[in-house]
Amino acid sequence: MVAALSSNGACFKETLPGELAARLDAADLEALAGEVAGALADDGVTFGPEAGAFQVDPVPRVLPAAEWAPLADGLCQRVRALDRFVADVYGRQCIVREGVVPATAVSSAAYFEPLLQQHVHDERRWITIAGLDVVRGRDGAFRVLEDNVRTPSGVAYALAARRAVSRHLPPADDLRPLALEPSLAFLAGALRHAAPPEIEEPVVAVLTDGAGNSAFYDHRELAERLGFALVRLGDLRLRDGYLHAKIDGRAIRVDVVYRRTDEDRLNHPRGGLTSVAQLLLEPWARGRLGLVNAFGTGVADDKLLHAYVEDMIRFYLEEEPLLASVKTWDLSEPGALNRALASLDEVVIKPRAGHGGAGVMIGPLATPAERDAGAAALRGNPSEHVVQDFSPLSVHPTVVDGRLAPRHVDLRPFVFYGAEDVHAMPGGLTRVALAENEMVVNSSRAGGAKDTWVLP
């Protein structure tokens, strides 16, 4: 059955190890999918504003050590550079003064927070948790499609996928993946490291909006697994310049806040500090509170600044990038807009500050009307859009109506930056577009996920 899979010849076709393929050939795939879905339901794994089911395909994606090791090295290198970039942006802006990154690209980024330039500490860790979106091109090489360092979600969903799949498709000894639990221990340590330096036993709290947040399961599960308090904004108070939270009926000083709220800006569009910033900015700016991730890190999420990450690596680390980016066009460069308009059937147009796949025009798959709309958007407001080279997502065997069929996938690996070391969680979460020929894999667009096995 596996050998009979077909796919778009323009995509890289990922295959299954022989032993796993044989087991799936002999399995009742529809029943297996139902068992995995039932395990997720029993565990209360939900996603979305109406707490809908989180979908996990039972066929794991397997990455040999020879593929994962260089990818992990490249991810860790990238996060180190992005952390230095954020610090520099709110500091001396050396990378701008040296002409490596245009000043307008920084100042026009939706999540650039100029107010923070008054509150910089050179030794501050800005990015503790990163979730990058990685795709596999036609040549089989991994490339970074987008950087997510504001409030990346998904760690608990990766754990849930592993738990549900392993119950009903336990790996054989020669395919046993690296465990995820050591990564949780590293994450817990990285969160504690974000505390002010004089705190020996920091109190860490996960700040959530509650059940109305689409990723509330992620918040609740991580707080429980890591042994940290789960709090809402109403539980927090400022006392004498320090943050306190109501935990188990008592007001306790908090040393680190892991921010997971939808509100992650300092200022309202209409002016004034947001309710989150009113509580967190003062103690953070005074060095009395650690924030994960820090305010302002969203500048490194910006889709235009993605075009310059490889240059950031060279500038800050004096190293050559180990992992390439999907080429992103800066439309302010001479001739770039005209080249993009002449290549609409070969490129992808994205809103610069968009997320979840909203407003994305994939040129090779778009209708003439959709390309016309994309062209109009570029002509009307080129500074609010970016253009990327089209990189067709690889396909992976996926259970569809009780049989295996190729479906497009990407990878959301997670990187944790601790005291000195940077750690990539083995595999992370593979995201899969469950509809045929769909290339937007986000859960917010009815996508699903796969367990990702990294072999030792």
Side-chain angles (χ1 to χ4, degrees), residues 73-132 144 146-152 190 193-194 196-197 259 264-267 277 280-281 284-287 289-325 328 330 332-333 352-353 383 386 415-424:
D73 288 344
L75 293 167
C76 292
Q77 180 195 56
R78 193 176 183 95
V79 171
R80 287 166 52 220
L82 288 170
D83 180 73
R84 291 302 85 209
F85 170 69
V86 178
D88 188 22
V89 158
Y90 297 116
R92 299 178 62 194
Q93 294 200 349
C94 296
I95 201 167
V96 172
R97 291 190 289 108
E98 294 291 331
V100 178
V101 173
T104 54
V106 173
S107 62
S108 61
Y111 282 89
F112 175 58
E113 301 279 8
L115 179 63
L116 294 185
Q117 292 176 301
Q118 306 171 24
H119 299 296
V120 169
H121 301 280
D122 288 340
E123 299 304 315
R124 184 189 305 271
R125 175 60 42 74
W126 294 81
I127 298 171
T128 298
I129 303 174
L132 291 80
V144 179
E146 293 184 0
D147 302 289
N148 300 287
V149 296
R150 195 166 73 250
T151 49
H193 171 71
R259 298 185 305 120
D264 53 7
R265 302 300 302 268
L266 284 179
N267 292 297
L280 304 185
L281 179 59
W284 176 73
R286 292 187 176 185
L289 177 72
L291 290 183
V292 175
N293 283 336
F295 285 125
T297 53
V299 68
D301 279 359
D302 188 80
K303 290 180 175 58
L304 174 56
L305 289 167
H306 180 269
Y308 297 94
V309 176
E310 291 172 75
D311 293 324
M312 295 175 196
I313 292 169
R314 297 183 183 98
F315 184 81
Y316 295 115
L317 308 182
E318 297 183 347
E319 299 170 359
E320 281 301 306
L322 301 175
L323 182 61
S325 304
T328 299
D330 184 343
S332 68
E333 293 183 352
R352 185 175 170 186
S383 64
V386 297
V415 179
F416 310 137
Y417 201 167
E420 298 294 337
D421 295 335
V422 193
H423 172 81

In terms of heavy-atom contacts, does CZ of Arg92 have more than 12 from other residues, nucleotides or ligands at under 6.0 Å? no
Starting at SG of Cys76, measure out to CG of Asp421 and round the result to the nearest 0.5 Å. 9.0 Å
For the pair Asn293 (side chain) and Ile127 (backbone), establish whether a donor and an acceptor sit closer than 3.5 Å, ignoring hydrogens and angles. no
Geometric class of the Trp284/Phe295 ring pair [parallel <30°, tilted 30-60°, perpendicular >60°]: perpendicular
Sidechain-backbone polar pair: Asp301 side chain, Val149 backbone, donor-acceptor under 3.5 Å: yes
Closest non-hydrogen contact found for Ser325 with Glu310 is N-OE2, 3.2 Å
Is there a ring pair (Phe, Tyr, Trp, His ring centres under 6.0 Å) between Tyr90 and Trp126 once you walk through the steps? CA-CA 11 Å; Tyr90 297 116; Trp126 294 81; 5.3 Å; yes
Report yes if the side chains of Cys94 and Tyr316 come closer than 4.5 Å at any heavy-atom pair, otherwise no. no
Check for a donor-acceptor pair, side chain of Asp311 on one end and backbone N or O of Val101 on the other, with a separation under 3.5 Å. no
Going from CD on Glu319 to CD1 on Ile313, what distance comes out if it is rounded to the nearest 0.5 angstrom? 8.0 Å
Between Arg125 and Asp83, does any NZ, NE, NH1 or NH2 come within less than 4.0 Å of an OD or OE carboxylate oxygen? yes
Do the side chains of Leu132 and Glu146 get nearer than 4.5 Å, heavy atoms only? no
Flag side-chain contact, heavy atom, 4.5 Å: His423 against Val415: no
Are the side chain of Glu113 and the backbone N or O of Leu266 linked by a donor-acceptor pair below 3.5 Å? yes
Under the side-chain contact (heavy atoms from CB on, under 4.5 Å) criterion, do Phe416 and His193 qualify, and how do the steps go? CA-CA 11 Å; Phe416 310 137; His193 171 71; over 6 Å; no
Separation of Ile95 CD1 from Phe315 CZ (nearest 0.5 Å): 5.5 Å
Validation row: Val96, Pro102 side chains within 4.5 angstrom (heavy atoms): no
Just do the side-chain contact (heavy atoms from CB on, under 4.5 Å) check on Leu281 and Leu116 with the steps written out, would you? CA-CA 9 Å; Leu281 179 59; Leu116 294 185; 4.2 Å; yes
Smallest heavy-atom separation, Ala194 atom then Val292 atom, equals CB-CG2, 3.6 Å
May I have the step-by-step check of ring pair (Phe, Tyr, Trp, His ring centres under 6.0 Å) for Phe85 and Tyr308, ending in yes or no? CA-CA 10 Å; Phe85 170 69; Tyr308 297 94; 9.2 Å; no
If the condition is salt bridge (charged side-chain N to carboxylate O under 4.0 Å, His left out), which residues does Glu320 pass it with, not counting sequence neighbours? Arg314
So, for Thr328 and Ala307, which heavy atoms are closest and what is the spacing to 0.1 Å? O-CB, 3.5 Å
Test item: Gln93 side-chain N/O and Val89 main-chain N/O as donor-acceptor pair under 3.5 Å: yes
Are Tyr111 and Asp264 packed together at the side-chain level, in the sense that at least one heavy-atom pair is separated by less than 4.5 angstrom? yes
Atom CG in Asn148, atom CD1 in Ile129: separation rounded to 0.5 Å? 12.5 Å
Side chain to side chain, Leu322 and Arg78, heavy atoms closer than 4.5 Å: no
What is the minimum heavy-atom distance between Gln77 and Leu323, and which atoms define it? OE1-N, 4.5 Å
Between Val299 and Ala109, which heavy-atom pair has the shortest distance, and what is it? CG2-CB, 4.1 Å
Would you call Arg80 and Glu420 a salt bridge, taking side-chain N to carboxylate O under 4.0 Å as the test? no
Heavy-atom nearest pair, Gly290 first then Pro196, reads N-CD, 4.1 Å
Should Val144 and His306 count as side-chain neighbours, where that means a heavy-atom distance under 4.5 Å? yes
